[in-house]
Each structure stands twice: as structure tokens, then as C-alpha cells.
Amino acid sequence: MTTPAAAAKPENATSVKETLTSIIIAFAMAFVFRGFVIEAFVIPTGSMAPTLLGAHMDFKSPYSGYEWTVGPKPEAGGLANPAPIQLKVDVRDPMTGMSIARAQVPTSWGDRIFVMKYLYSLYEPKRFDVVVFKNPTEPSVNYIKRLVGLPNEMVALVDGDVFVRPLLENESAESIDRDRAWTGSAWHVARKPEAAQRAMWQPVFDSQYTPIDNSSLQFRSPWIAADGTSGKWSIADRRAYEYSGSGPTALSWDASRPITDAVAYNELSRAFNTQFPVSDLRMSLGVRPQQAGVMVSAIVRARRHEFRADVEGSSVTLRMRQSDGENPDGSWATLGQGTLPRPLTPGEVTNIDFWHVDQSLQVFIDDHLVAHGAYEWTPEERVRWATDLTLESINRLRSGLIDPKNYLTSSARFEFSGGPFTLYRVAMARDIHYQAAQYHKTGQPARATAPSSTAVLTGDQFFTCGDNSPMSLDARLWDSVDPWVAEVDSQIGVVHRDLLIGKAFLVYFPAPKRSPLRVPIPDFGSMRFIW
């Protein structure tokens with residue numbers, strides 16, 4: 001006689017105990033993941049704007065269609081805790097300069113980001129990473145900035161750019177000759193990776209935002225046609241510029257609109273009042289020739305030099321020369337050359353992108369790098385060419401490098417031959433500019449912004465700055481160290497390795513938009529990687 005078989009357990013049946021065990025394991029894994037791999041943070045203020053947005057207001061120009069963000073008024077609840085509704089706001093369209101007045105403007109909260117925590121056995125922090133760390137002056141608060149200085153090096157912020165040099169074995173912060181800290185050939189400019197540079201360009205103007213109905217606005221493009229050929233240009237009330245002539249011509253940037261480090265986000269704050277000239281520029285356009293043989297040149301005149309890219313036939317040539325009162329027509333030095341897949345083709349649009357940034361020249365054709373060149377100046381040389389000052393005068397004058405009037409302005413120009421042709425998206429952008437500043441209490445130069453305040457990093461120390469330099473309380477301006485942090489590192493103005501949390505890599509939940517009913521709407525179209 002056989003024994004009845006035991007009742008079979010249903011395949012999908014689970015006990016309460018198994019369910020609870022699975023939930024506990026899932027929570028444990030989530031906590032471990034959050035603690036050691038990835039953590040989410042929210043951006044409270046605009047120190048990294050417009051790369052990352054803190055509390056802000058959204059605007060769209062009725063004239064140009066351009067969209068941008070502006071930080072809340074400081075008196076309306078403060079920058080970190082602004083009023084939910086800004087009663088009356090007057091701003092200017094960054095593209096056209098037209099005034100826009102709005103009432104009852106809702107304030108949006110900041111971007112939410114994911115941070116990959118640093119696992120030093122796997123990878124190290126890199127220059128120009130966007131990093132989250134414990135604030136050395138108040139470690140209970142997390143800060144987010146861009147990492148610009150690495151251990152065992154000296155850092156100088158000169159004319160908006162980052163310069164570094166290795167720290168020798170026998171050197172320390174006490175042994176450095178502060179009067180001559182920016183001299184020597186060991187210094188070099190820190191050049192940003194292409195992805196980071198593309199993310200850090202700040203738009204100044206783009207012809208695609210030209211008001212179409214300009215009869216009552218009296219808008220004038222900042223691009224001005226060369227004398228003698230202006231009658232053959234069609235620019236007003238157009239987003240595409242047409243040239244009907246056949247001889248040489250040019251478009252110059254309007255000198256009455258100097259290119260500065262003004263950040264539209266800061267328009268309602270005092271930080272908007274101090275603007276430094278910027279010479280690291282990006283000039284771009286799309287050109288559609290009507291016949292073969294069109295040649296295009298992009299020229300930036302800055303720091304008593306002329307920097308030039310010539311696109312002629314299938315070749316691209318990058319050159320520079322001294323061009324000032326001492327040597328107005330110096331000899332050209334070729335910095336780089338490249339080859340196009342084919343010459344500019346009649347009837348087709350070719351996008352030309354010229355960069356003068358971080359003491360380098362680059363040309364991209366349809367987003368592909370075709371030519372690159374660089375020039376090497378030390379901080380001492382950069383000061384000499386960018387200002388009317390010497391290091392000796394800087395050491396004597398406390399306000400030497402923090403006065404924007406001491407910096408030379410830049411100019412830009414496109415030159416053409418072989419027309420007629422049509423231009424699209426004629427645009428200008430400028431690089432992020434790390435401002436020279438001073439401590440509010442003492443008036444002394446901010447850290448790394450003068451020879452006397454050169455940042456000296458040892459061992460496990462890093463130097464960080466905010467992308468929105470005019471409004472960023474960063475390593476330049478910290479004036480204390482929390483006692484708890486001092487037990488690890490008592491040096492002011494540095495971030496010790498133990499304070500680093502990780503690298504920001506993704507905006508997973510951008511600041512929501514507000515509907516007419518004031519209901520927040522997720523802006524998933526602005527999800528992006530952080531560079």
C-alpha cells in the first residue's frame with residue numbers, strides 16, 4: 001500500500017516571513033548603496049548656475065522666445081529660502097536687452113542630482129569634476145562646486161582662467177616667495193576637457209533669437225556689417241543673415257556691447273554690478289554658400305594679440321600674432337592646421353565653431369574637431385598681456401587685479417570672401433570666468449587671485465570654485481575652519497580628501513516648471529549629465 005503523496009506547494013506561493021525578509025534585504029541594500037555608491041542631493045542656491053540651478057524663477061522672452069532663469073531677490077526671503085511668490089520682478093532679455101516686467105512670479109526649487117561617491121581604490125577626483133563635499137567652515141552643510149586644484153600643486157586664478165604648477169618636495173606654504181609666486185616656467189594653464197567646456201560656455205547672443213517683428217522694438221543686432229558692404233547685407237528683422245555681394249566683407253561685434261562675465265541668473269543681486277571683461281570666447285555660425293570658393297575667418301583680438309582661424313578650401317589654419325601699440329602688425333605664428341572632409345559646398349549649410357579658450361584655439365566643423373593649437377603663457381605673462389599691470393604693481397596695489405577697469409576688453413570679427421552666402425545661428429558665447437575678489441572684512445585679495453594669496457595645496461588638499469563665480473562663496477573666500485575639521489586639516493581655503501563626498505553626474509529631477517495654475521510640472525526634458 002502506497003502512502004499518499006504530500007500536498008504540492010503552489011509554485012508562486014510565498015510566506016509572510018519570506019516577504020518580510022525580502023523587504024528587509026531590499027532596504028538594507030538600498031541603504032548600503034546610498035551610503036557607499038550613489039546618493040541624491042538637492043541644489044539650494046545659485047552658486048553653480050546656470051550649470052546647476054538652485055531656487056530660481058523661469059522667464060521666456062515675448063520678443064525673442066529665449067528662455068532663461070533668474071535668482072530670487074535677496075530681500076524676498078533670502079537666496080536659500082526665498083519667498084514662494086516674487087510680487088514684482090523687472091528683468092532684461094539676455095539676447096535682446098529688452099525690459100520685461102512681471103508680477104506674482106512663482107519661485108521654483110533647485111535641481112535634484114545624483115552623486116557618485118568617491119571610492120578611492122577605484123578612481124580619484126579629477127580636475128573640473130563637479131563635486132559635493134562637507135563645507136570646511138560648517139561641516140553639517142554640504143557644498144557643491146567645481147574642483148579646480150589638486151593635491152601637491154599651486155593654484156592661481158588669472159584673468160578668469162586656472163593656472164597650476166607642481167609643488168616641489170622642499171616647498172611649503174611658508175617657504176613660497178609670495179612676491180614672485182607667479183613667476184617661472186613650471187606654471188601652465190589648466191585646460192578643460194571638451195565635454196566640460198561645452199557645458200560651461202555661457203551664451204551671449206544668438207541670431208536665432210532675433211525678434212522677427214522689430215518695427216516697434218528698435219532692436220539692433222550686435223553683429224555689424226563692415227563699412228562699404230553694409231548695403232549688401234540683410235540683417236535687420238532676420239534670424240538668417242544674407243550677403244548678396246561678391247567681394248570681401250566682414251561682421252564685427254559691436255564694441256558698445258563689451259563681453260563680460262555677467263550672469264543673467266544674478267540680475268537681481270548685487271553680484272550683477274561687478275563685471276569683468278572676458279576674452280575666452282566662442283564664435284559660431286552656419287554658412288550656406290551660393291557658389292564655390294567661399295572663405296571664412298574668425299578673429300578674436302584680446303590681450304594685445306590677434307587670434308585667427310582661416311577656413312579656406314579644405315584647409316583650416318590657426319594663427320596668432322602680437323597686435324598692440326608696440327607691435328601693431330607682428331609676424332604670424334601658426335599654432336595648428338587641419339583638413340576639412342570637403343570645401344564649403346554650395347547649397348549646403350556647414351557649421352563652423354571657433355574657440356579661443358584656456359590659451360588654445362580650436363575649430364569644429366559640424367561638431368567635429370578639425371584643428372587645434374595652443375600657446376603657453378605663465379601667470380606673470382598673462383597678467384602683463386591682459387592688464388596694464390606688472391607683478392610689482394600688483395603687489396603694491398591691493399585692488400590691482402580686482403578692479404575690472406584694469407583689464408583690456410576683447411573684440412571679435414568674422415571675415416568672408418567669395419559670396420554671396422547666407423549665415424545661420426550667428427552666435428557668441430563666453431567661458432566661465434573665475435573672478436578676482438577680496439575678503440570683505442580685510443580687503444585682502446581672495447585666495448589664488450593674487451601672487452600674495454596663491455593657493456598652495458599639499459597631501460590630500462583640493463581647491464574648489466563655483467561656476468557662478470560672482471555669487472559663489474567658495475575656496476577663494478573662506479576665512480575660517482570649523483574646529484572639528486581643524487583636527488583633520490587646519491588650513492583655510494582647502495577641502496581635505498576626507499570631506500569629499502563624491503562627483504555629481506546626473507540631474508535626475510530638474511527643477512519643475514510652474515503651470516498657469518501654479519501646479520509644479522516635472523521638466524524631464526532638462527534631465528542631463530553633469531560635466
Close side-chain approach of [X] and [Y], heavy atoms under 4.5 Å:
X	Y	value
L457	M154	no
M48	N468	no
I85	V105	no
H496	V485	no
D58	E67	no
V70	H56	no
V162	V189	no
Q202	V204	no

What's the separation between atom [atom1] in [X] and atom [atom2] in [Y], rounded to the nearest 0.5 Å?
X	Y	atom1	atom2	value
S269	K73	OG	NZ	12.5 Å
Q438	L477	CD	CG	9.5 Å
T449	L157	OG1	CG	7.0 Å
L167	R165	CG	CZ	6.5 Å
M527	L506	CE	CG	5.5 Å

Identify the heavy atoms of [X] and [Y] that sit nearest to each other, and give their distance.
X	Y	value
C465	V148	SG-CG2, 4.1 Å
L335	A374	CD2-O, 3.7 Å
T96	S64	CG2-CB, 3.8 Å
T454	W182	OG1-NE1, 2.9 Å
N266	M471	OD1-SD, 2.9 Å
V42	P44	O-CD, 3.3 Å

Please determine if [X] and [Y] form a salt bridge, counting it only when a charged side-chain N lies under 4.0 Å from a carboxylate O.
X	Y	result
D431	K192	yes
K145	D474	no
E194	R198	yes
R191	D358	no
D403	K405	no
E153	R127	yes
E124	R497	yes

Would you check if there is a donor-acceptor pair between the side chains of [Y] and [X] at a distance under 3.5 Å?
X	Y	answer
Q359	D161	no
Q491	Q461	yes
N406	T387	no
Y118	D129	yes
Q208	D206	yes
T137	D482	no
S279	R301	no
W253	S411	no
Q362	S360	yes

Ignoring hydrogens and geometry, is there a side-chain-to-backbone donor-acceptor pair from [X] to [Y] under 3.5 Å?
X	Y	result
Y407	L401	yes
D111	P510	no
E138	P136	no
Q435	T274	yes
W187	A181	yes
D261	Q275	no
R92	M98	no
R180	I176	no
S453	A446	yes
S410	V278	yes

Checking W377 against H188 for the ring-ring contact (aromatic ring centres under 6.0 Å, His included) test, could you report, in this order, the C-alpha distance in whole Å, the side-chain angles of both residues, the deciding distance, and whether it holds? CA-CA 7 Å; W377 289 344; H188 66 275; over 10 Å; no

Tell me, yes or no, whether the heavy-atom count around W201 atom CH2, taken from other residues, nucleotides or ligands under 6.0 Å, exceeds 12. yes

Heavy-atom count around R528 CZ within 6.0 Å, excluding the residue itself: above 12? yes

Below 30° counts as parallel, above 60° as perpendicular, anything between as tilted: where do the rings of [X] and [Y] land?
X	Y	value
W478	Y143	tilted
Y508	F114	parallel
H356	Y375	parallel

Worked verdict on D467 versus T51 for side-chain hydrogen bond (donor to acceptor under 3.5 Å, both in side chains): CA-CA 7 Å; D467 283 3; T51 307; 2.6 Å; yes

Restricting to side chain to side chain donor-acceptor pair (under 3.5 Å), what partner residues turn up for D280, sequence neighbours left out?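 By the side chain to side chain donor-acceptor pair (under 3.5 Å) rule, D280 matches R303.
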
cation_pi([X], [Y]) dist<6.0 Å, angle<=45:
X	Y	answer
R102	F59	yes
R447	F463	no
K503	F505	no

Using the rule given for ring-ring contact (aromatic ring centres under 6.0 Å, His included), can you reason through W355 versus F364, listing the C-alpha separation, both sets of side-chain angles and the distance that settles it, and then say yes or no? CA-CA 8 Å; W355 296 6; F364 296 82; 4.5 Å; yes

Going through the checks in order, is the side-chain hydrogen bond (donor to acceptor under 3.5 Å, both in side chains) test met by R476 and S469? CA-CA 10 Å; R476 297 169 304 153; S469 187; 3.2 Å; yes

Salt bridge (Lys or Arg N to Asp or Glu O under 4.0 Å) for R382 and E376? Distances and angles first, verdict last. CA-CA 9 Å; R382 180 66 169 267; E376 302 297 339; over 6 Å; no

Start with the C-alpha distance between L147 and F128, add both sets of side-chain angles, then the distance that settles side-chain contact (heavy atoms from CB on, under 4.5 Å), and finish with yes or no. CA-CA 5 Å; L147 195 157; F128 298 115; over 6 Å; no

